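Note sheet for the following structure.
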Amino acid sequence: MAFAVRLAALEAKVEDCPPLVEEEKYKENTEKLRELLLPPVREVILKSPKRIVKIGGKYVLFRHELRYHNPTAIAIDVDDSMDRDIIVKRVRMIESFEYEYVGQKLKLDAIAVRSVTNNPEKYAKTVYTVVENTTLPLILCSTNPAVIEAALDVISPPHHRPLIYAATKDNWRDMAEVAKKFDVPLVIASPGDLDMLVSLAKTLSEDIGLKDLALDPGCFVGPGGLSYTIKAYSWLRYKATYDLWKYAKYPLVATPISVWMQITGDPKDVMWWEAILTTILMTRYADLIIMHSLDGWVLLPQVMWRFQLYTDPRKPVSVPPGLREIGKPDEMSPVLVTTNYALTYSVVLSDAEKAKVNAWLLVVDTEGLAVDVSVAGRKFTGDRVAEAIKTTGLENKVKHRVLIIPGKAARVSGEIEDASKWRVIVGPMDSSEIGKWLEKNWTSEKIRELMEGA
Amino acid sequence: MSEKTSKRDKDEIKAKQEATIYGLLAKIIEALEKGVVELYNVEVNAEELEIRLTPQQIPIPVVITPPQAVAEAKPEVKAAYEVAKAVEVVAKKVVELAKIAFEEPRPQFSGRVLEVKLGASRGEGGSRDSVIVVGGHTMPAYYYLSGYKPPHPPAFGGDVFDMKIGLPRAVKLAFGDALDNPAEWARIWVEKYGAEAIDIHLVSTDPTIKDASPEEAVKTVDTILQVVKVPIVVGGSGNPEKDIVVFRRIVEAFPSEGLVINSLNLDMKLEDVCPHIAKTNAIVIDFSPMDLDKAEQINRKVYEWIPRNRIMLDLNIGGIGYGTEYGFTTMERARLSALIGNELLQHPFNVGAANAWGAREAWITMDPYWGPKEIRGPLWETLTSLICLLTGADYYMLVHPLTVKTMKAVREYLFSEPKPKDPEKALDWLSRSLPVF
Ligand code: B12
Ligand code: SF4
């Protein structure tokens with residue numbers, strides 16, 4: 001029963017129960033169970049020999065109904081008219097993009113290779129250059145089936161399993177054939193026409209037998225455009241999750257890159273709108289996003305928001321409580337107290353490291369809550385701090401008996417002193433001040449003063 | 001393996017064999033024509049096959065000949081293979097587009113978010129040239145379900161502080177010296193940057209800052225009311241004891257301006273201030289950071305004095321990276337709950353999007369790759385606002401003019417008839433060379 005509950009909450013998988021998997025007599029029911037547990041939005045897999053990117057696999061429309069699975073993949077483009085050096089440079093930038101946030105490395109996921117030349121040979125060559133320089137899966141972008149086929153001949157699935165973009169109302173027969181021949185997933189693009197989109201989904205799935213499809217209803221800005229775009233993505237996901245409509249049950253692909261065709265003028269403006277469209281569509285159900293801008297300011301909020309949107313709403317992201325070392329602390333080094341909310345912890349740690357201080361970091365179990373949240377919610381208390389001192393054996397690590405707490409925890413300084421019998425000094429509000437603050441306040445005279453006072 | 005699966009497999013094997021037969025037939029035709037009798041690389045187990053070649057139901061063969069095999073085959077066979085492929089294509093052509101219509105989603109909602117009016121015009125006893133009505137939703141916003149368009153679009157106010165506080169450089173660049181003068185700051189907001197309301201934050205009243213008196217606060221609000229003729233949102237300092245004193249004096253001084261009081265929370269002695277607000281036409285914002293139980297609690301309490309259609313709800317928001325997901329999900333839940341009939345949450349949302357600047361990525365200097373903070377800051381505020389917009393947010397308090405400008409454009413786009421121009425050009429991005437920087 002407990003297992004059933006965990007299954008239903010998607011915390012366990014059918015495979016986790018050995019008898020179900022191993023015993024012959026359960027086989028049929030196991031299969032049924034698997035199908036029952038399949039997400040309303042199909043999960044489609046893109047692959048390079050080194051990486052797998054899963055898109056779709058969504059169970060719910062609203063995040064609070066469960067949680068979202070498979071974070072929106074972000075792909076950046078290169079094209080076959082670019083010089084080789086530019087391609088290589090862009091690919092390296094995409095590959096090495098990284099931002100560290102709450103101890104996680106936020107990255108980009110795929111490379112979209114467009115065909116500007118419409119020349120199969122040229123395109124295949126470009127694709128080859130790209131795979132030589134990246135570990136990321138590809139999206140092959142052209143409406144010309146011959147171009148796509150040429151590239152597929154070069155990268156030979158199944159080691160690579162790129163996504164093909166796209167089958168349209170004009171090329172669907174040939175494109176479907178290519179997808180079938182190489183067994184690769186295929187996007188159906190029908191900008192501005194939802195009827196055509198689902199007609200193609202029906203035809204390609206039922207009549208041609210393709211299983212791994214994705215849908216793109218088109219990406220527009222401006223009057224009539226943005227409203228249409230949001231409507232289309234919302235309707236598609238609504239139909240898939242609430243009405244379990246089989247022609248909407250595929251991952252959704254969005255192309256904010258298309259603002260480069262729709263907005264002219266200062267490139268910064270175009271990037272600004274590309275950022276806007278990306279955030280909106282990531283929030284409104286896109287499972288894969290194709291962008292052009294490689295500028296850090298455009299991408300940074302996207303990867304951060306994506307991380308947050310895809311966290312489990314039932315549990316804050318936390319780190320294990322305990323005692324950490326910053327630099328090379330000794331028995332007279334300061335003790336900084338913080339919470340075990342992943343964001344708080346990682347901000348404090350990185351600030352202190354940047355300031356090149358040597359200190360002890362006492363991470364109190366606040367059940368994953370930030371400083372003022374946990375102070376307000378009574379999770380950052382005298383007792384919990386005292387407890388943390390005891391379990392970490394802090395007494396044996398330092399000679400002094402002084403704690404430095406965050407400025408936002410000033411309210412509980414008294415109770416911490418009472419419960420722990422350590423002296424408490426209130427530090428700055430923001431951990432970025434820690435370096436400067438320690439320089440001023442953690443001097444041998446001040447320590448002596450504090451010790452004598454104790 | 002279940003029966004179903006094995007049947008599927010069998011079908012597939014059969015289809016493959018049938019396909020091979022087609023190929024074979026084609027090759028034989030070819031061979032006959034050319035007089036070639038030898039056939040290479042062909043192996044068919046015909047025992048289990050039964051082919052029905054009725055013209056109406058041509059099965060669609062799946063032939064995937066490994067490219068090497070073709071390469072190795074004799075030229076004649078290669079030719080035959082091409083014919084086979086042609087046959088296959090002919091067979092495939094029978095797949096016609098199955099035309100269906102998109103079945104519109106038809107959700108049912110029975111609840112309605114209240115309409116709340118900010119500001120009072122001359123006819124209503126106030127002195128505002130423009131007033132703002134928000135709320136009235138009967139469906140989740142921007143799903144375009146059943147052609148639904150929210151009855152009132154969201155509105156955007158500009159933040160002004162009554163004393164000099166630490167503001168990001170991007171904001172200083174936009175307002176310059178006006179930051180020392182709340183009235184001038186408000187005027188620029190409305191005249192130059194198109195703010196639809198002004199949010200005056202009376203931070204100087206904080207006992208730990210300047211402890212400015214309620215009389216001084218009244219004076220500040222008076223000046224703002226004189227200088228701009230849009231609705232005014234009056235914010236306290238965040239000190240629960242002082243705020244209720246200040247709020248009371250202000251609503252008593254301007255009882256008919258439709259002021260918006262920002263905000264009430266459960267830490268306040270609500271009974272000391274609400275009866276006084278009730279006697280005026282002021283609106284209140286009930287603040288309950290990311291907590292629906294507490295939101296219901298405070299609303300239930302405030303109902304004792306203030307009519308429901310004079311209450312807005314602020315569930316709080318953090319900038320991207322700083323708790324946005326909590327605010328986002330709380331707002332989504334609140335709105336859905338309101339729409340299925342929870343009367344305690346049927347209030348328009350206020351969003352303090354200026355919180356976005358609390359995210360360090362919005363204001364710290366970073367490695368040049370991440371761009372200047374002067375652009376990251378406004379972008380952070382804009383994107384945080386957009387995320388809230390999708391939950392159905394109604395009124396915004398904003399710090400940066402670029403956010404107001406962008407949000408107004410987005411509002412116009414979202415409220416336009418969903419019908420893209422030039423859909424046939426939508427895929428142009430696929431084949432155009434784009435600038436690279
Ligand atoms: C996200 C959020 C939540 C999330 C919690 C997320 C989490 N995992 O903690 C949720 C929705 C659950 C939540 C709930 C509540 N929240 Co809340 N929440 C926020 C929000 C938006 C962001 C908090 C955050 O993530 N900050 C980022 C982290 C990194 O900050 P931090 O932990 O403080 O760390 C910084 C400093 O403290 C310092 N620092 C940290 N450690 C150390 C160590 C040393 C030695 C030093 C020197 C410095 C230092 O540096 C860090 C970087 O700047 C803030 C508003 C805001 N914009 O700040 C409100 C806020 C913190 N919440 C608030 C409140 C009141 C609550 C509730 C009590 C609401 C309620 N009425 O129920 C509940 C309590 C929850 C509970 N059950 O216990 C208030 C707190 C008011 C106060 N000062 O007391 C705030 C300020 C909102 C407000 N304006 O009212 N909240
Ligand atoms: S058989 Fe074992 S794994 Fe499966 S449900 Fe029972 S206890 Fe759990």
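To find a chain, count down the sequence lines: A is the first, B the second, and so on, and within it residues start at 1. The structure presented is a predicted model; accordingly, all values stated were derived computationally and were not measured.
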Ignoring hydrogens, what is the shortest heavy-atom contact between [X] and [Y]? Give both atom names and the distance.
{"X": "B/Pro423", "Y": "A/Phe220", "result": "CA-CE2, 4.0 Å"}
{"X": "A/Asp79", "Y": "B/Ser433", "result": "OD2-CA, 4.3 Å"}
{"X": "A/Asp195", "Y": "B/Phe102", "result": "OD1-N, 2.7 Å"}

Under 4.5 Å from any heavy atom of chain B, what part of [X] do you find: side chain, backbone, both or neither?
{"X": "A/Leu200", "answer": "both"}
{"X": "A/Phe97", "answer": "side chain"}
{"X": "A/Ile280", "answer": "both"}
{"X": "A/Tyr341", "answer": "side chain"}
{"X": "A/Asn118", "answer": "neither"}
{"X": "A/Tyr26", "answer": "neither"}
{"X": "A/Ser81", "answer": "side chain"}
{"X": "A/Lys169", "answer": "neither"}
{"X": "A/Gln302", "answer": "side chain"}
{"X": "A/Thr255", "answer": "side chain"}
{"X": "A/Met261", "answer": "side chain"}
{"X": "A/Asp170", "answer": "neither"}
{"X": "A/Tyr247", "answer": "side chain"}
{"X": "A/Thr117", "answer": "neither"}

Check: Side chains of B/Glu361 and A/Tyr101: is there a donor and an acceptor less than 3.5 Å apart?
Finding: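 No.
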Notebook entry, point to check: Within residues 401-409 of chain B, which positions have a heavy-atom distance to chain A below 4.5 Å?
Noted result: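 Under the 4.5 Å heavy-atom cut-off, B/Leu402, B/Thr406, B/Ala409 qualify.
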For [Y], does its backbone N or O pair with a side-chain atom of [X] as donor and acceptor, under 3.5 Å?
{"X": "A/His292", "Y": "B/Pro435", "result": "yes"}
{"X": "A/Ser227", "Y": "B/Leu414", "result": "no"}
{"X": "A/Trp235", "Y": "B/Tyr144", "result": "yes"}
{"X": "A/Arg114", "Y": "B/Arg432", "result": "yes"}
{"X": "A/Asp207", "Y": "B/Val95", "result": "no"}
{"X": "A/Ser258", "Y": "B/Ala426", "result": "no"}

Notebook entry, point to check: So A/Trp273 and B/Tyr413, ring-ring contact (aromatic ring centres under 6.0 Å, His included) or not? Walk me through it.
Noted result: CA-CA 13 Å; A/Trp273 280 98; B/Tyr413 300 164; 5.7 Å; yes
Within the 4.5 Å heavy-atom criterion, are [X] and [Y] side-chain neighbours or not?
{"X": "A/Val259", "Y": "B/Trp429", "result": "no"}
{"X": "B/Phe328", "Y": "A/Pro313", "result": "no"}
{"X": "B/Trp370", "Y": "A/Leu299", "result": "no"}
{"X": "A/Ile257", "Y": "B/Leu434", "result": "yes"}
{"X": "B/Asp422", "Y": "A/Gln262", "result": "no"}
{"X": "B/Met366", "Y": "A/Tyr99", "result": "yes"}
{"X": "A/Pro267", "Y": "B/Phe437", "result": "yes"}
{"X": "A/Pro316", "Y": "B/Tyr326", "result": "yes"}

Notebook entry, point to check: Under the side-chain contact (heavy atoms from CB on, under 4.5 Å) criterion, do B/Leu430 and A/Cys141 qualify, and how do the steps go?
Noted result: CA-CA 6 Å; B/Leu430 269 173; A/Cys141 305; 3.4 Å; yes
I'd like to know which of [options] tops the heavy-atom pair count under 4.5 Å against chain A.
{"options": "B/Pro289, B/Gly323, B/Pro107, B/Gly371", "result": "B/Pro107"}
{"options": "B/Leu379, B/Val410, B/Val436", "result": "B/Leu379"}
{"options": "B/Asp428, B/Ile364, B/Thr382, B/Ile375", "result": "B/Ile375"}

[X] portion near chain A, given a 4.5 angstrom heavy-atom threshold:
{"X": "B/Glu104", "answer": "both"}
{"X": "B/Leu336", "answer": "side chain"}
{"X": "B/Pro378", "answer": "both"}
{"X": "B/Arg376", "answer": "side chain"}

Check: Among A/Gly222, A/Ala248, A/Ser190, which residue forms the greatest number of heavy-atom pairs with chain B at distances under 4.5 Å?
Finding: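 Looking at each of A/Gly222, A/Ala248, A/Ser190 in turn, A/Gly222 comes out on top.
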Next item on the list: Any chance you could lay out the side-chain contact (heavy atoms from CB on, under 4.5 Å) test for A/Trp297 and B/Tyr369, step after step, and finish with the verdict?
Entry: CA-CA 8 Å; A/Trp297 62 270; B/Tyr369 173 67; over 6 Å; no
Checklist line | Stepwise side-chain contact (heavy atoms from CB on, under 4.5 Å) test for B/Trp380 and A/Leu300 | finding: CA-CA 10 Å; B/Trp380 233 260; A/Leu300 184 59; 3.9 Å; yes
Point-to-point distance, once rounded to the nearest 0.5 Å, from [atom1] of [X] to [atom2] of [Y]:
{"X": "B/Ile100", "Y": "A/Thr203", "atom1": "CD1", "atom2": "OG1", "answer": "7.5 Å"}
{"X": "A/Tyr285", "Y": "B/Leu390", "atom1": "OH", "atom2": "CG", "answer": "8.5 Å"}
{"X": "B/Thr324", "Y": "A/Gln308", "atom1": "OG1", "atom2": "CD", "answer": "4.0 Å"}

Next item on the list: Under the side-chain contact (heavy atoms from CB on, under 4.5 Å) rule, what do A/Trp305 and B/Glu325 come out as? Steps first, then yes or no, please.
Entry: CA-CA 8 Å; A/Trp305 171 231; B/Glu325 75 277 33; 4.1 Å; yes
Are any of the side-chain nitrogens in [X] or [Y] under 4.0 Å away from the carboxylate oxygens of its partner?
{"X": "A/Lys231", "Y": "B/Glu417", "answer": "no"}
{"X": "B/Arg360", "Y": "A/Asp430", "answer": "yes"}
{"X": "B/Glu103", "Y": "A/Lys239", "answer": "yes"}

Check: Is it the case that more than 12 heavy atoms not belonging to B/Gln108 sit under 6.0 Å from its CD atom?
Finding: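 Atom CD in B/Gln108 is not packed in, count stays at 12 or less.
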Margin query: Taking the six-membered ring of B/Tyr143 as reference, does the cationic atom of A/Arg284 (NZ for Lys, CZ for Arg) lie under 6.0 Å from its centre and within 45° of its axis?
Written below: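 Verdict for B/Tyr143: a cation-pi partner in A/Arg284.
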